[in-house]
Asker: 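The following block contains the structure, expressed as structure tokens.
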Amino acid sequence: MAPSILANLDSDQQEAVKKTDGPNLILAGAGSGKTRVLTYKVAYLVLEKKTPAQNILMVTFTNKAAGEMKERVFKYLDKGSELPFMGTFHSFCARLLRVESERAGFSKNFSIYDETDQLDLVKEILSDLQIGSKSRPQAILAAISQAKGELLGPDDYKKLSFGYFAQIVSEVYPRYQKLLLKNNALDFDDLISETVKLLKQNSDIAQKYQKRFCYILVDEYQDVNTAQYELTKILAGFWGNITVVGDACQAIYGFRGADFRNILNFEKDFENVTVFNLTRNYRSTQAILDGAFSVISQNESHPILKLWTKNKGGELLEIFEAENEVEEAGFVLTQIKESYSPLSSFAVLYRTNAQSRVLEEACLESGIPYVLVGGTRFYQRKEIKDVLSYLRVITNPKDSVSQKRIEKIGKGRLKKFEKVKEEIERNRKPQEIIENILKETEYLFLIDDGTEKGKSRVENVKELLSVASKFENLSDFLENVSLVEAESEAQKSASEGKEAITLMTVHAAKGLEFETVFLVGMEEGLFPHLRSSFDPADLEEERRLAYVGITRAKVKLYLTYVRNRLFLGRRQTCLVSRFVTDIPDHLISKC
DNA sequence: GAGGGGGCGGTTTTT
DNA sequence: CCGCCCCCTC
């Protein structure tokens, strides 16, 4: 492979790929071919350095990124060869913990709790403590999650906390952990923090994995939190061959504990770090890059990569002021309809999920097919969680959250479920098990109330069945369901080549690119969001988010804002976002 | 025990 | 404006 594959890379990229040993920091700007470098590096390790696949570990943040990398690496390697582990931090840790579960202090069949399950647990504790609804369960859960990301246990938290709210959290947190343990369940944060704890406390287990992973590659390093950072440090503790890729300008997950300073500290924490700068952008026009730079360069707390491209000039950025959100959506769809480009080349990006509604309605009205990414996630839907709860009680009888959930579905149904549970258990395929439960409990009858919503609920359960049909046993299915987001029907048809525009949040758009991007709702209080408008650090994150949004565009970028917007049912007057006024006039044409 | 109506509170982003 | 929670009724 060697010459031909490396020939697809520019000289900076080649250098970054070929330097496999020791600690390497690749600062890769937006559109600079970061995924390319990582995937070629894996291929290079296998084909050129003859590294066995099992000795390579590649971690990313999202399933989307992991999936894409797998696909690409698969293409580069010889047919039939084994693939290295490539997955999210969470899936890696879950797998490790299942293997080592006994030493970690829980049993192998532990449940993985998502946010809904976590909230159920917190609410239960709050009502036991008779704290009532004065403190919002979400806020408490967020504090606990933050603490876990910092590797702070309940005792540590109590020592460090002060104030009324923290007082409540420090009451809830230990009880919450105790309940998780009793339920034989881990939440998302536990997956990481329990792995770190396990490896720190058991040097033999740590060594096993340290020795196994000769080469470690970490994507989106600016988005690691303390626990993830510690984990990568431990895993690289024997060979020290670790390549991290990231860009502080694209750190947008500070709200969930990510700390871009980790990437800044990398050079201090490892000795003799080689730094690579990838600043050539292969995606956008110079006009778009200049616009992006004029926004991000206002940030002061992190280094900023100045990107360049051979793609000089390009169309000006267009700015549109609409009277209200309906007119804004109308403008977007008019532009799309008047263009001759394929629908899949358009993306409409927004700050909050709530904004999608008006856009969807406008699409329906004008007959433009669309794919909505995100929104209420498939596995979070009530009907899906209900069905999954029946299954989880089968694999993990201690799971009280699922138990309570199915009790709520109905006592009568519970009895019927329990009657058939014994027959169900015998190593049947997940699909058959679900069908059996549905039949006995008549669950579909319950959710099908004849309305459109009811119909869509039934459709969702059928969709779950089709996912289940791909799995041979229940545990594998449940693991996948917890850690991998399902592709919606719409996304599937889009990937099958049906033409549609894409609607999603800016967060969801990270790592993607489109010929034409509409950034809508560019207003003060919305983007930057009101809740991030007071703290300078939060504002810088909003600015990075805007930067990510702008740099998704390859050819054409529209920025739109409205004079007034319906917000919480009230019409409010809006001001244009500072991120728009930061862009100099010579880059802009007003429509 | 199940299901529906009315009041209340709340909008960020996600593995 | 929507979803959630509580309470009320069957």
Side-chain angles (χ1 to χ4, degrees), chain A residues 59-66 87-94 112-116 118-120 123 126-127 132-134 136-139 141-142 145 148-149 186-193 219-220 223-225 227-228 250-258 325 349-358 361 373-377 379-382 407-415 445-447 449 451 453 480-485 504-511 521 525-533 538-539 541-542 544-546 548-549 565-572:
Chain A
V59 270
T60 67
F61 275 83
T62 64
N63 293 300
K64 203 163 47 181
T88 61
F89 273 101
H90 293 87
S91 64
F92 171 74
C93 289
I112 298 173
Y113 279 1
D114 69 11
E115 196 180 344
T116 313
Q118 294 175 277
L119 278 174
D120 284 351
K123 284 174 194 165
L126 288 179
S127 86
S133 49
K134 269 175 290 176
R136 290 203 322 284
Q138 288 96 328
L141 185 59
S145 171
K148 288 186 181 183
L186 301 182
D187 64 20
F188 278 130
D189 302 300
D190 284 338
L191 291 174
I192 317 284
S193 58
D219 190 20
E220 308 274 18
D223 284 331
V224 295
N225 64 22
Q228 291 158 334
Q250 295 182 74
I252 56 173
Y253 287 110
F255 71 91
R256 66 169 200 217
E325 70 281 357
L349 309 183
Y350 37 83
R351 178 64 180 82
T352 66
N353 275 311
Q355 290 166 261
S356 69
R357 194 185 183 84
V358 183
E361 280 164 6
V373 178
T376 313
R377 315 264 293 281
Y379 293 130
Q380 309 261 95
R381 290 171 195 275
K382 183 189 173 302
E407 280 169 13
K408 253 198 203 153
I409 300 172
K411 285 269 157 65
R413 288 190 179 82
L414 184 66
K415 285 228 174 72
F445 186 73
L446 173 72
I447 57 176
D449 56 3
T451 64
K453 268 191 182 170
N480 187 272
V481 159
S482 309
L483 298 172
V484 180
E485 181 57 30
M504 62 184 150
T505 63
V506 184
H507 280 89
K510 190 174 177 190
L526 187 57
F527 200 2
H529 197 273
L530 190 66
R531 289 173 63 154
S532 302
S533 294
D538 289 347
L539 259 174
E541 181 149 312
E542 293 286 311
R544 291 192 293 269
L545 189 59
V548 167
R565 178 179 294 277
L566 206 57
F567 198 69
L568 290 181
R570 300 213 80 96
R571 199 150 278 288
Q572 298 200 322

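Every chain is numbered from 1 and lettered A, B, ... according to where its sequence line falls, protein lines coming before strand lines.
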Asker: For A/S533, enumerate each residue passing the side chain to side chain contact (heavy atoms under 4.5 Å, CB included) test, keeping only those at least two apart in sequence or located in another chain.
Answerer: A/P528
Asker: So does A/E325 pair up with A/R571, basic N to acidic O under 4.0 Å?
Answerer: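 A salt bridge links A/E325 with A/R571.
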Asker: On DNA chain B, nearest-nucleotide positions of A/S532 versus A/R413: which is more 5'?
Answerer: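 Taking each residue's closest nucleotide, the earlier one in sequence belongs to A/R413.
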Asker: Could you tell me the separation between the CD atom of A/E361 and the P atom of C/dC2, rounded to a whole number of Å?
Answerer: 9 Å
Asker: May I ask you to establish whether A/R256 and A/Y253 are in a cation-pi arrangement, using a distance under 6.0 Å from NZ or CZ to the six-membered ring centre and at most 45° from the ring axis?
Answerer: yes
Asker: Rounded to the nearest 0.5 Å, how far does CG of A/L186 lie from NZ of A/K148?
Answerer: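 Separation between the atoms: 8.0 Å.
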Asker: Between A/Q118 (side chain) and A/D187 (backbone), is there a donor-acceptor pair under 3.5 Å?
Answerer: no
Asker: Base, sugar-phosphate or nothing for A/D189? Non-hydrogen atoms, less than 4.0 Å.
Answerer: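 Result for A/D189 = nothing.
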Asker: Do any side-chain nitrogens or oxygens of A/N63 fall under 4.0 Å of OP1 or OP2 in B/dT15?
Answerer: no
Asker: Inspect the contact between A/D223 and A/K510 and indicate whether a charged nitrogen and a carboxylate oxygen are less than 4.0 angstrom apart.
Answerer: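 Yes, charged N to carboxylate O under 4.0 Å.
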Asker: Between A/R357 and C/dC2, is there a contact of a side-chain N or O with OP1 or OP2 at under 4.0 Å?
Answerer: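 Indeed, a polar side-chain atom of A/R357 lies that close.
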Asker: Check whether any side-chain nitrogen or oxygen of A/T505 sits under 4.0 Å from OP1 or OP2 of B/dT14, and answer yes or no.
Answerer: yes
Asker: Treating primed atoms plus P, OP1 and OP2 as sugar-phosphate and everything else as base, which nucleotides of nucleotides 5-10 of chain C get B, S or - for protein heavy atoms under 4.0 Å?
Answerer: S-----
Asker: Round to a whole Å and report the spacing from CZ of A/R136 to P of C/dC4.
Answerer: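 So the CZ-P distance, A/R136 to C/dC4, works out to 15 Å.
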Asker: Whole-Å distance between B/dT15 P and A/Q118 CD?
Answerer: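 About 14 Å, once rounded to whole Å.
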Asker: When you measure from the side chain of A/F255, which nucleotide among B/dT13, B/dG3, C/dC1 comes out closest?
Answerer: B/dT13
Asker: Quick one: which of B/dT13, B/dT15, C/dC1 gets closest to the side chain of A/H90?
Answerer: B/dT15
Asker: Rounded off to whole Å, could you give me the CG-to-P distance for the A/L539 and B/dT13 pair?
Answerer: 18 Å
Asker: What is the distance, rounded to the nearest whole Å, between atom NZ of A/K64 and atom P of B/dT14?
Answerer: 9 Å
Asker: What is the distance, to the nearest angstrom, from the NZ atom on A/K415 to the C1' atom on B/dG1?
Answerer: 10 Å
Asker: For A/F567, which contact category applies under a 4.0 Å heavy-atom criterion: base, sugar-phosphate, or nothing?
Answerer: base
Asker: Taking the six-membered ring for Trp, are A/F255 and A/H507 ring centroids under 6.0 Å apart?
Answerer: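 Yes, they do, as the ring centres are separated by less than 6.0 Å.
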Asker: Quickly work out the A/H529 NE2 to B/dG10 P distance and round it to whole Å.
Answerer: 14 Å
Asker: In whole angstrom, give the distance that lies between atom CD of A/E220 and atom P of B/dT14.
Answerer: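 Computing the A/E220:CD to B/dT14:P distance gives 14 Å.
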